[in-house]
Amino acid sequence: MLDIRRIRNELEAVVAELDRKGVPSDEVRRAHDIDVRQRAVAADRDGVRREIKEISGEVGRMHRDGRVEEAEERRARSRELGDREARLAAEADDLAQQLRALLLRIPNTPHPDVPSGVDERDNPVLRVHGFDPDAYAPHQRVPHWETGEALGILDVERAVKISGSMFTMLRRGGATMSRALCQWALDRNADAFEEVRPPSLVTTETLTNTGQLPKFADDAYHLERDDLWCIPTAEVPLTSIGSGETFRQADLPLRYMAYSPCYRREAGSAGRDTRGLLRTHEFDKVEILAYARPEQAPDLLEEMTGRVESAMVDLGLAHRVIEICGGDLGQSHHRSYDVEVYAPGCDQWLEVSSVSWFSDYQARRAGIRYRPEQGKGTELVHTLNGSALAVPRVWAAIVETHRREDGTVAVPEVLWPYTRGITVLEP
RNA sequence: GGAGCGGUGGCAGAGCGGACGAAUGCACCGGUCUUGAAAACCGGCGACCCGCAAGGGUCCGGGGGUUCGAAUCCCCCCCGCUCCGCCA
């Protein structure tokens, strides 16, 4: 959520900032309007409550002093006020509820340095590593789904039989390498991040904290019987670890990482990226996440992006970093970098990580605070997160990049400690 | 799933219709004392919202209700613990 005080005091600035994301101003203006009315009604309500409290105190004292009929008169007066209080309170609650519902739908404002743009075509490429389009041999120009089926390490047909379209199944060395990628990704970030194994099913409240609800309910799997949601990313449970809690400034930044399965309905993307592993309902991912003081956030964003890039280097994959422009930034995002890997077989840049800074947008929804060493009270933390490694697309890029002339695939050496001796994927 | 007990400030733990935002202890912050520290003593110490401020309001798991007045009484829900059942 945005800070209602900013909407209150700097409405036009907020409108201008949201415009950079292509967000129309009507909802913010309506929020501003409701806020004005809400506060007026709440002030009236509080005045009446104050009177009731005073009178109740008097009634108590009169009773002790035996002034019964005087007390009776005061009591009648308070009863009248009670009706007014109830009406004002109901109105104030209703307005507050409307305001919150609106606020939950209004996106975060972008960081001032976010480049202007309308959609993904306007995302500037920040840097490119190890990419030379002419350097690929014909044996690398084979899409991973063909190599995967030929080697018996990818079995899409049976996955579809078991679970329906857009589910996949890895087998033998392919399954082993997938698991190895997760373990390796966790181990290489263990220097700075606490390993967590979070729940994969979460409550409506938890899925609201990170911004997926209420707006994007169609994208998530919902277990109606128990009113639980399948997480689309470990960001969801990890962000809510600290919900409703207040941390000490000295403990920040707090860093967590987790392997988790991720579930996405991919509503509206039927027919896109239908081959292979590029877009599936269920996949594995290792996520890294931090709670930080606002001043710490910019450096953390760079550090976390750097961690993803160096992982791609170690896997021998060509990749690039792009910055997400205003119009392409997600609902909750303040600033984002995408890391994309080049897959020579399908000749595509595949997004394997999106490292993002959410400013205090998620922390305000979730109530994650810290106590500053100077000054009074509490402040909201800033949250950041990114995929340390999204398995299927990295798997695809490895199978295409490291395919050899004989049709087998070389497993990157950094994974060998995790593959039970498998160094080559072969039939 | 069934039965019993419980959910109060950072923690422990009183309060069980009015003077309670809440005793007390610990923790924490400031001071006295001390070469320094500890101990002792003195003082302070919750969060959130509205307000320039003065000040006001809300919060005793959550939601309803009773009452002039609810942490305290009633109803529903959630969570925890113990026992039973079931189960990887």
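Chain identifiers are assigned alphabetically (A, B, ...) following the order of the sequence lines, protein sequences preceding nucleic acid strands; residue numbering begins at 1 within each chain. Worth knowing before you read on, the calculation uses all heavy atoms, side chains too, and leaves out hydrogens, waters and symmetry mates.
With a cut-off of 3.5 Å on both pairing distances, C87(B) has no Watson-Crick or G-U wobble partner at all. Pair assignment for G69(B): none, as no Watson-Crick or G-U wobble contacts are both less than 3.5 Å. Pairing for A37(B) is absent, with no Watson-Crick or G-U wobble pair whose two atom distances lie under 3.5 Å. Partner assigned to A3(B) is U82(B), using Watson-Crick or G-U wobble distances below 3.5 angstrom. The partner of A19(B) cannot be assigned: no Watson-Crick or G-U wobble pair with both contacts below 3.5 Å exists in any strand. The base-pairing partner of U58(B), taking Watson-Crick or G-U wobble contacts with both distances under 3.5 Å, is A47(B).
Taking the ring centroids of Phe358(A) and His333(A), they lie under the 6.0 Å cut-off.
Residue Arg179(A) qualifies as enclosed at atom CZ: its count of foreign heavy atoms under 6.0 Å is above 12. Remark: Glu54(A) CD is packed, more than 12 non-hydrogen atoms of other residues, nucleotides or ligands lying under 6.0 Å away.
In this structure, Lys53(A) atom NZ and A70(B) atom C1' are separated by 12 Å, rounded to whole Å. Taking atom CG on Asp227(A) and atom C1' on C78(B), their separation rounds to 13 Å, with Å as the unit. Between Arg225(A) atom CZ and G1(B) atom P there is a gap of 10 Å when expressed in whole angstrom units. Atom CZ of Arg77(A) is separated from atom C1' of G69(B) by 16 Å (rounded to the nearest Å). Per the geometry, CD belonging to Glu69(A) stands 18 Å off P belonging to C68(B), to the nearest Å. Rounded to a whole Å, the NE2 atom of His63(A) is 10 Å from the C1' atom of G18(B). Atoms CD (Glu80(A)) and P (G69(B)) sit 13 Å apart, rounded to a whole Å. Atom CG in Leu228(A) sits about 13 Å away from atom C1' in C78(B), given to the nearest Å.
Ser56(A) comes within 4.0 angstrom of a base, heavy atoms only. Among the heavy atoms of the strands, none lies under 4.0 Å from Arg248(A).
Comparing the same atom, C1', in A37(B) and in U32(B) gives a spacing of 15 Å after rounding to whole Å. Straight-line distance between the C1' atoms of U82(B) and C26(B): roughly 28 Å, to the nearest whole Å. Separating the P atom of G9(B) from that of C59(B) is a span of 15 Å, rounded to the nearest Å. A70(B) and G21(B) are spaced 11 Å apart, taking the P atom of each and rounding to whole Å. If you take atom C1' in G51(B) and the same atom in C42(B), they sit 35 Å apart, rounded to whole Å. The same atom, C1', is picked in G30(B) and in C45(B); the two are 10 Å apart, to the nearest Å. The P atoms of A71(B) and U58(B) are separated by 10 Å, rounded to the nearest whole Å. Distance check on atom C1': G36(B) versus G44(B) gives 25 Å, rounded to whole Å.
Side-chain N/O atoms of Gln212(A) and Asp219(A) include no donor and acceptor closer than 3.5 Å. Looking only at atom types and distance, the side chain of Thr208(A) has no donor-acceptor partner in the side chain of Arg365(A) under 3.5 Å away.
By the 30° and 60° cut-offs, the orientation of the rings of Phe167(A) relative to His281(A) is tilted.
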| request: Begin with the C-alpha distance, continue with both residues' side-chain angles, and end with the deciding distance and a verdict on side chain to side chain donor-acceptor pair (under 3.5 Å) for Asp338(A) and Ser354(A). | output: CA-CA 4 Å; Asp338(A) 276 6; Ser354(A) 189; 2.8 Å; yes

| request: Determine, step by step, whether His319(A) and Val352(A) satisfy the side chain to side chain contact (heavy atoms under 4.5 Å, CB included) criterion, reporting the C-alpha distance in whole Å, the side-chain angles of both residues, the deciding distance to 0.1 Å, and the verdict. | output: CA-CA 10 Å; His319(A) 60 281; Val352(A) 294; over 6 Å; no

| request: For Arg6(A) and Glu17(A), run salt bridge (Lys or Arg N to Asp or Glu O under 4.0 Å): C-alpha distance rounded to whole Å, both residues' side-chain angles, the deciding distance at 0.1 Å, then the answer. | output: CA-CA 12 Å; Arg6(A) 266 210 87 203; Glu17(A) 285 168 37; 3.0 Å; yes

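Between Glu80(A) and Arg77(A) a salt bridge is recorded (basic side-chain N to carboxylate O distance below 4.0 Å).
Shown for residues 28-47 of chain A: residues whose heavy atoms fall under 4.0 angstrom of RNA chain B, namely Arg39(A), Asp46(A).
Considering only side-chain N and O atoms, Arg79(A) lies under 4.0 angstrom from the phosphate OP1 or OP2 of C68(B).
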Can you give me the N/O atom pairs linking the protein to nucleotides 7-13 of chain B at distances under 3.5 Å, or say none if there are none?
none

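Each of G57(B), G69(B), C49(B) was ranked by its minimum atom distance to the side chain of Arg50(A); first place goes to G57(B).
Exactly one residue among Leu11(A), Leu102(A), Leu99(A) makes a side chain to side chain contact (heavy atoms under 4.5 Å, CB included) with Asp35(A). That residue is Leu99(A).
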